[in-house]
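Here the structure comes first, spelled out in structure tokens, and everything after it is commentary.
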Amino acid sequence: MCAVYGIEVRDDAADPAIDGGGTGSAARPSRVRFRPAEEFGVSPRDALSVERMLGAWVAEHDGVARITGRKARNLNPVIVPRAEYASPAPAAPPATGTHRVPRELVLGWWWLHVGGEPAAYSAFNSRDDQLLRSWRQAFQRRAILPATWYVEKGRTFELPGGAPFGIAAITAVSPQPDGSELLSYSMVTRDAVGEARSAHPRMPLVLPREFHDDWLDPARPGDADLVAEVVLASAGLARAMRPRVGGGGARRAPSAQPTLF
């Protein structure tokens, strides 16, 4: 299934509020094509720092999220519930405007860890129909992967107009020798529908904005009801995915890695 996805940068002129007043291109950080507060429910007070963080990641990695290697240790942007909210899970979510689950952006290792180490088996994708059988523990710690495109079998898929979307992920946290914690994740996949099915029978499980809270909520158990609801909720966006035509956009998708299904 999907082994490459990414975030494109804006084509428009840089915003002085984001650029910090710089005039030359060297002074401008890369700008993502969406506002984190609007698209992914990041608190407005954190939106600027999150956009800068995403811009720095885009500049360093050319906007391409790849499977993490033991030596390369490339980490990718992941949206998770705020640490103070996620553990322990509160009995009642705090009031946060239109989003009941406060969230933050962190960097994560794309290949789920088991027992503190990268799983010895394929763990970069996790099938929706195996979440309860093979991934039950990680299914209780869920996240969202921000993206504007993904690649399958050499073809780049995106929403009309290059609109951003969130991909469902499950996670694990591993303590590190220095006392920090490392987040690892696996991208959740579903049966492909619409035009995406012409490339592969599986595709990323894309989440509509109105389902982000349900997916992220640590107070909601990962169970059969959640699987059924998220697959149903994702159907519209999944069918809206289209293969990219031509080479438009500020960033071009990379040559696809071999499908690792």
Side-chain angles (χ1 to χ4, degrees), residues 1-15 18-20 22 24-40 42 46-69 72-80 104-111 124-125 143-169 183-187 196 199 203-207 237 241-260:
M1 236 309 285
C2 177
V4 182
Y5 66 95
I7 300 171
E8 283 191 324
V9 297
R10 289 184 183 273
D11 290 324
D12 56 354
D15 184 339
I18 301 298
D19 295 342
S25 59
R28 297 173 178 168
S30 297
R31 295 190 59 214
V32 292
R33 294 178 60 184
F34 51 85
R35 298 291 187 183
E38 297 172 5
E39 300 292 343
F40 295 105
V42 173
D46 299 329
L48 185 58
S49 61
V50 167
E51 185 163 344
R52 284 173 171 159
M53 180 179 175
L54 279 172
W57 178 85
V58 166
E60 180 179 356
H61 299 281
D62 201 30
V64 181
R66 293 186 174 88
I67 294 171
T68 307
R73 291 183 67 89
N74 53 291
L75 303 179
N76 305 315
V78 185
I79 296 170
V80 298
E104 61 186 335
L105 185 79
V106 299
L107 296 177
W109 181 301
W110 187 9
W111 189 287
F124 68 97
N125 284 166
I144 296 173
L145 311 177
T148 58
W149 54 266
Y150 77 92
V151 172
E152 188 59 72
K153 292 289 188 180
R155 299 171 67 188
T156 302
F157 287 86
E158 60 187 0
L159 290 176
F165 54 89
I167 302 173
L183 181 87
S184 61
Y185 70 91
S186 176
M187 176 192 292
M203 69 182 295
L205 179 59
V206 290
L207 299 172
L237 280 183
M241 285 289 173
R242 299 288 185 268
R244 177 178 294 177
V245 178
R251 299 280 184 188
R252 294 291 303 277
S255 299
Q257 297 179 4
T259 297
L260 305 173

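In this text, all values refer to a predicted model and were calculated from it rather than measured experimentally. The first residue of the sequence shown is numbered 1, and numbering continues consecutively from there.
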key: Interatomic distance, Arg242 atom CZ to Glu158 atom CD [nearest 0.5 angstrom]   = 11.0 Å
request  = Please list, chain by chain and in numerical order, all residues satisfying side-chain hydrogen bond (donor to acceptor under 3.5 Å, both in side chains) with Ser186, sequence neighbours excluded.
outcome  = Ser126
query = Counting distance only, does the side-chain N/O of Thr148 pair as donor-acceptor with the main-chain N or O of Glu8 below 3.5 Å?
reply = yes
key: Inter-residue atom distance Trp111.CH2 - Met187.CE, 0.5 Å rounding   = 13.0 Å
ask   = When rounded to the nearest 0.5 angstrom, what distance separates CD1 in Ile79 from CG in Leu105?
value = 6.0 Å
request  = Determine, step by step, whether Val64 and Val4 satisfy the side chain to side chain contact (heavy atoms under 4.5 Å, CB included) criterion, reporting the C-alpha distance in whole Å, the side-chain angles of both residues, the deciding distance to 0.1 Å, and the verdict.
outcome  = CA-CA 7 Å; Val64 181; Val4 182; 3.7 Å; yes
inquiry  = If the condition is side chain to side chain contact (heavy atoms under 4.5 Å, CB included), which residues does Leu183 pass it with, not counting sequence neighbours?
reply    = Val78, Val80, Val106, Thr171, Val173
task = Might you point out which heavy atoms bring Glu152 and Ala199 nearest each other, and give the distance in Å?
result = O-CB, 4.0 Å
request  = Measure from the side-chain N and O atoms of Asn125 to the backbone N and O of Ala3, and report whether any donor-acceptor pair falls under 3.5 Å.
outcome  = no
Distance (rounded to the nearest 0.5 Å) between Leu207 CG and Leu237 CG = 8.5 Å
task = For the pair Tyr185 and Trp110, name the ring-plane relationship: parallel under 30°, tilted 30 to 60°, perpendicular over 60°.
result = parallel
key: Worked verdict on Leu107 versus Met53 for side chain to side chain contact (heavy atoms under 4.5 Å, CB included)   = CA-CA 10 Å; Leu107 296 177; Met53 180 179 175; 3.7 Å; yes
Value rounded to 0.5 Å, distance of CZ in Arg66 from CG in Asn74 = 8.0 Å
request  = List in chain and number order the residues that pass side-chain hydrogen bond (donor to acceptor under 3.5 Å, both in side chains) with Asp46, two or more places apart in sequence or in another chain; answer none if no residue qualifies.
outcome  = Arg82
request  = Kindly write out the residues that satisfy side chain to side chain contact (heavy atoms under 4.5 Å, CB included) with Ala65, not counting sequence neighbours, or none if the list is empty.
outcome  = Tyr5, Trp57, Asn76
Separation of Leu159 CG from Phe165 CZ (nearest 0.5 Å) = 6.0 Å
inquiry  = To check you understand the geometry: which heavy-atom pair defines the closest contact between Pro77 and Pro146, and what is its length?
reply    = O-CD, 3.5 Å
message = Using a 3.5 Å distance criterion without hydrogens, assess whether the side chain of Thr156 forms a donor-acceptor pair with backbone atoms of Val151.
response = no
